[in-house]
There are 2 protein chains.
Amino acid sequence: MVTIREVAKAAGVSVATASRALNGLSIVTAETRAKIEAAAAELNYVPHSGARSLTRRKTDAIGVILPDLFGEFFSEMIRGIDMAVHGAGKHLLLGNMHGSTEETVLAIKSMRGRVDGLLVMPPNSRAESLGDAATWQIPTVLLNAQPQNGDIPFVSVDNYSGARMVTEHLIDRGARKIVHISGPASNRDASERMQGYRDILRERLGDTHPIILPGNFREDAGRNAAQLLLNRDFEFDAVFAANDMMAVDLMAELTRAGVRVGHDVLVAGFDDIPLARYISPQLTTVHSDITRLGSSAAMMLLRLLSGEALGADAGITISPTLAVRASTTGASG
Amino acid sequence: MVTIREVAKAAGVSVATASRALNGLSIVTAETRAKIEAAAAELNYVPHSGARSLTRRKTDAIGVILPDLFGEFFSEMIRGIDMAVHGAGKHLLLGNMHGSTEETVLAIKSMRGRVDGLLVMPPNSRAESLGDAATWQIPTVLLNAQPQNGDIPFVSVDNYSGARMVTEHLIDRGARKIVHISGPASNRDASERMQGYRDILRERLGDTHPIILPGNFREDAGRNAAQLLLNRDFEFDAVFAANDMMAVDLMAELTRAGVRVGHDVLVAGFDDIPLARYISPQLTTVHSDITRLGSSAAMMLLRLLSGEALGADAGITISPTLAVRASTTGASG
DNA sequence: CTTGTAACTGAAATGGGTGTCAAATCCACC
DNA sequence: GGTGGATTTGACACCCATTTCAGTTACAAG
């Protein structure tokens, strides 16, 4: 591994001059610079970013700590972050993504000295779970989580209003016995969505009780819920699943049992995964622009890093939109 | 930012001792260690990984340089890599993913001093395009690309035999006029797939000419190809698209035009994106285990890093499998 | 009470660059 | 030729931790 010292020696100058020349400081004579560049090229010199970032106190990398996400959500998030970060010429350092809380805290610590800033998505969307790690010395933006003591900037999706929207849509389409398949109890997104469902139900159909089947955001929960609903010969005319994954498999199962989704039973999900548009009937769902979630967070972090002081109340809540499709309208397709 | 020096001072010991204590070297007295740990906790000390990696000559990070991939491929790849790397406690540093060749070379260089090893997927699957960057001083494994001068280990998918398999399957199902929608001309995967198609066609149906429509791996190419085929009132009984993305949209377009896919025309793709199973009819395609591709490459790199000398011929070719579904069998669904 | 050995501990070198400050060089002008 | 000022250049401290090597201490044996 050739160092700048060797380049300097080969060019017959000091390391300081070599450093200046290679970093394009105009203070170096054209002649000297040429010598140095020739030597560097000759020796195939590549600067050691690690060493450089030590003195510069700047790594040009930002750390991303995500829980164990499913495919599309993950890649869209990364894409969004990357989009925002690309222009700034920074790298993305992915921390351990296997989300127990302790591991996450560890992952955050191991980022010290490697990155200039952090994008953290806490497991279960609960910033609190990060505990005293919140005393981070390093600029951080929370993804999809709100700190209770609003001192960390965040970007999150408005799960609550999304759930209200989609449930209200079901009501508007004539549904009265609306089942909700929830996400994991410990998950904040899940509980916000459930709350939205409960609230709008009470507001619009005060007299009916919410019907909630526990789920876990995974396919099998969709299947199980379908079985349960069918076997019990349960009375229901619509299902709002807390995410698309469950909705998709629930729908497949209902269809298999001869239920006409979109007519006999309306089904809606949450997330708008790409799949939602391709199954038949297409799935009505709540669309969150994950790419935008990622890029907004990254841009916010970039601003933070450039010294801009975001107020204590700095947070963005991204409003989801309703994607109405055939699974609740019965339209062909 | 508190440094180990401050911890040492607070504990009344030298930095050397502090370092030893904090790194669990048994050589330190229990009493001394306790003092140091107390001081560290008190000051909220977090080690500076950047500085540490400078002296250790080891960063515990591996660099990943991918071209601009579409969602699922990307996330599965990362997942595979992460799976293999997780146990080794390493981080993943994502380089610039916006793949012009020059940018890729730059991205590789900027990894020097940041990572212990590199996983590189060259744009267009052409290792050659990386040119003299191949004189890397840093352990590297190529993803989905073979170097012409087999001196860099690699892991890649056997596109050629995959294409042969799927084309042969179409022939076995009775197709005789098989159209191929190719990928971008400069893309190596695309040309290998095309070659597989050509070869098996010649071997099995010596007298028929291959029919090739140029594509680009994107949805619109699928739609365009469908239009072209339909408008010209072309005679064809099967289509093999060079990837699923094109196959899916082609199929949608054909279906819209009243063609019964799986009966009138057989359609097959390549990649087995999750979507393939969810559209109707389900798409016959070539399944490559991308997660395995990623994890194999990562494991190979890990072996390389642990000092193991992989022979000059170190390369793994992952054989894809054929996923036969309704789009070529006409089965219900 | 020495001496030898083992166990700890600390000063300083190291890793590969950058930035500061002082020294050296250059040139113009008196 | 000497002087002032502006440019360039170089020596060295520094970033923060690890590690070597030498020094200190403790303790047992002689």
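Small disclaimer: the values here were computed from a predicted structure and weren't measured. Worth knowing before you read on, the calculation uses all heavy atoms, side chains too, and leaves out hydrogens, waters and symmetry mates. By convention in this document, chain letters (A, B, ...) are assigned in the order of the sequence lines, proteins followed by strands, and residues within each chain are numbered from 1.
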Under-4.0 Å side-chain N/O to phosphate OP1/OP2 contact, A:T29 with D:dT9 | yes
Compute whether any side-chain donor of one residue and acceptor of the other, for B:N144 and B:S156, lie under 3.5 angstrom apart.
-> no
For B:V46 and A:T17, take the nucleotide of DNA chain D holding the closest heavy atom to each; which residue's nucleotide lies nearer the 5' end?
-> A:T17
Identify whether any heavy atom of B:T32 sits under 4.0 Å from a base atom; if not, whether one sits that close to sugar-phosphate; answer base, sugar-phosphate or nothing.
-> sugar-phosphate
Any side-chain N or O of A:R52 under 4.0 Å from OP1/OP2 of C:dT18?
-> yes
B:V15 vs B:V28, nearer the 5' end of DNA chain C by closest nucleotide | B:V28
Between A:S14 and D:dG10, is there a side-chain N or O to OP1/OP2 distance below 4.0 Å?
-> yes
For A:N23 and A:R56, which heavy atoms make the closest approach, and how far apart are they?
-> OD1-NH2, 3.5 Å
Side-chain donor/acceptor contact of B:R5 with base of D:dA17 under 3.5 Å = yes
Could a donor-acceptor pair under 3.5 angstrom be found where the side chain of B:R20 meets the base of C:dG10?
-> yes
When you look at B:E31 and B:K35, which way does the salt bridge (Lys or Arg N to Asp or Glu O under 4.0 Å) test go after all the steps?
-> CA-CA 6 Å; B:E31 181 185 20; B:K35 261 194 321 195; over 6 Å; no
Would you check if A:R52 and A:K58 make a side-chain contact, meaning some heavy-atom pair closer than 4.5 Å?
-> no
State whether B:S19 places a side-chain N or O below 4.0 Å from either non-bridging phosphate oxygen (OP1 or OP2) of D:dT18.
-> yes
Atom CD1 of A:I36 to atom C1' of C:dG17: distance rounded to whole Å?
-> 14 Å
Establish, with yes or no, whether the OP1 or OP2 oxygen of C:dG17 is under 4.0 angstrom from a side-chain nitrogen or oxygen of A:Y45.
-> yes
Separation of C:dT9 P from B:N23 CG (nearest whole Å) = 15 Å
